[in-house]
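This report concerns only the one structure given below.
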Amino acid sequence: MQSSKADGWYLVQCKSRQDERAEWHLRNQQINCYRPVHCVERVRGGKRVLLSESLFPGYLFVRMAAGAEQWSSIRSTRGVARMVTFGGLPLKLEPALIHAIKQRADQQPAESAFRVGDLVRITEGPLRELDAVFLHPDGNERAVLLINLLHREQRLKMPLRAIRVQRQRA
């Protein structure tokens, strides 16, 4: 879509967990859209993997001319719940806001599933249901934890699949 002075950015609310689907269908209609994403490290099947997730789950931005005939096609697009409106009219966003989001999204490093100092719960094995402190990863499938056993702090290695975050360090 060609950019003109009447063009603007608008906010679209997507159906639950359908951000990517909505973006794909909007792009197929030649609608300029932007879904900010960031990389997040998650544990899947006991292994750490990097996933791309929406920065604003449930929302994406579309760029089009004000009063465009495309509003109805956007609302009926698969994955789209509705246009975000104010007073019954789609809410036009400041271009500086989109520019700032793009700059910050490009600078974000991958976010780890576990951070040093996180309180974790052991979910498997003989130490199941005990709390520990995450110290650091040990390869791709293990973690080094600090646990209080018999009134002494002990370091131990556990598979990533056997721990989950209880409380993240602030």
Side-chain angles (χ1 to χ4, degrees), residues 1-120 133-141 143 160-161 163-170:
M1 178 181 218
Q2 292 287 332
S3 177
S4 71
K5 289 187 181 198
D7 280 2
W9 287 99
Y10 298 87
L11 188 59
V12 172
Q13 184 178 15
C14 302
K15 293 179 181 174
S16 180
R17 299 178 187 250
Q18 294 191 30
D19 313 5
E20 195 171 348
R21 179 184 198 185
E23 179 186 28
W24 189 83
H25 284 287
L26 288 168
R27 288 189 190 281
N28 280 344
Q29 296 175 56
Q30 308 303 311
I31 295 173
N32 186 358
C33 55
Y34 174 55
R35 181 176 60 97
V37 294
H38 67 294
C39 286
V40 179
E41 184 181 275
R42 298 278 187 236
V43 177
R44 296 279 159 93
K47 295 185 179 186
R48 293 185 308 172
V49 294
L50 282 177
L51 299 174
S52 183
E53 293 184 354
S54 291
L55 191 58
F56 305 109
Y59 295 92
L60 57 87
F61 304 97
V62 295
R63 185 173 190 163
M64 57 193 341
E69 308 271 325
Q70 294 177 312
W71 298 125
S72 61
S73 67
I74 288 175
R75 286 191 305 263
S76 61
T77 299
R78 288 178 186 248
V80 171
R82 66 183 187 91
M83 295 290 300
V84 175
T85 61
F86 183 75
L89 298 172
L91 182 63
K92 188 173 181 178
L93 303 172
E94 291 293 324
L97 173 67
I98 303 299
H99 180 71
I101 291 171
K102 284 182 178 183
Q103 279 188 319
R104 294 189 100 181
D106 291 344
Q107 296 171 356
Q108 292 294 325
E111 184 181 301
S112 177
F114 301 104
R115 296 188 309 217
V116 174
D118 283 351
L119 181 64
V120 296
V133 176
F134 181 83
L135 292 180
H136 59 82
D138 183 31
N140 285 331
E141 298 182 28
L160 287 170
R161 72 174 184 282
I163 61 174
R164 66 179 162 81
V165 173
Q166 279 292 98
R167 186 178 68 234
Q168 290 196 324
R169 176 180 57 88

Q.
Using the rule given for side-chain contact (heavy atoms from CB on, under 4.5 Å), can you reason through I98 versus R63, listing the C-alpha separation, both sets of side-chain angles and the distance that settles it, and then say yes or no?
A. CA-CA 10 Å; I98 303 299; R63 185 173 190 163; over 6 Å; no
Q: Go through the steps to decide whether W9 and N32 satisfy the test side-chain contact (heavy atoms from CB on, under 4.5 Å), and finish with yes or no.
A: CA-CA 9 Å; W9 287 99; N32 186 358; 4.1 Å; yes
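H38 and S54 make their closest contact through CE1-O, 3.6 Å (heavy atoms, listed as atom of the first residue, atom of the second, distance). What you find for S73 and I31 is that their closest heavy atoms are OG-CD1, 4.4 Å. Across all non-hydrogen atoms, the minimal contact from G8 to K92 is CA-CE, 3.6 Å. Closest of all the heavy-atom pairs between T77 and H25 is CG2-CB, 3.4 Å. Residues W71 and M83 approach most closely at CZ3-CE, 3.1 Å, considering heavy atoms. The shortest non-hydrogen separation linking V62 to C33 is CG1-CB, 3.9 Å.
With rounding to the nearest 0.5 angstrom, the CG atom of L60 is 11.0 Å from the CD atom of E20. For the atom pair OH (Y10) and OG1 (T85), the distance works out to 12.5 Å, reported to the nearest 0.5 Å. One distance of note links CD of Q18 with OG of S16; it measures 7.5 Å at 0.5 Å rounding. Here the NZ atom belonging to K102 is positioned 11.5 Å from the CG atom belonging to L97, to the nearest 0.5 angstrom. Taking CZ from R21 and CG from L26, the interatomic distance works out to 12.0 Å, rounded to the nearest 0.5 Å. For the atom pair CD (E94) and NE2 (H99), the distance works out to 13.5 Å, reported to the nearest 0.5 Å.
Annotation: side chain of I74 is in contact with side chain of M64 (closest heavy-atom distance under 4.5 Å). For the pair V120/Q166, no side-chain contact is recorded, criterion being any heavy-atom separation below 4.5 Å from C-beta on. Side-chain contact between L91 and L11 is absent, with no heavy atoms from C-beta onward closer than 4.5 Å.
Under the salt bridge (charged side-chain N to carboxylate O under 4.0 Å, His left out) criterion, R27 pairs with E23, not counting sequence neighbours. P137 is linked by a side chain to side chain contact (heavy atoms under 4.5 Å, CB included) to R48, F134, counting only residues two or more places apart in sequence or in another chain.
Using bins of under 30°, 30° to 60° and over 60° for the plane-to-plane angle, the ring pair F61/Y34 lands in the parallel bin.
Heavy atoms from other residues, nucleotides or ligands lying under 6.0 Å from CZ of R82 number more than 12.
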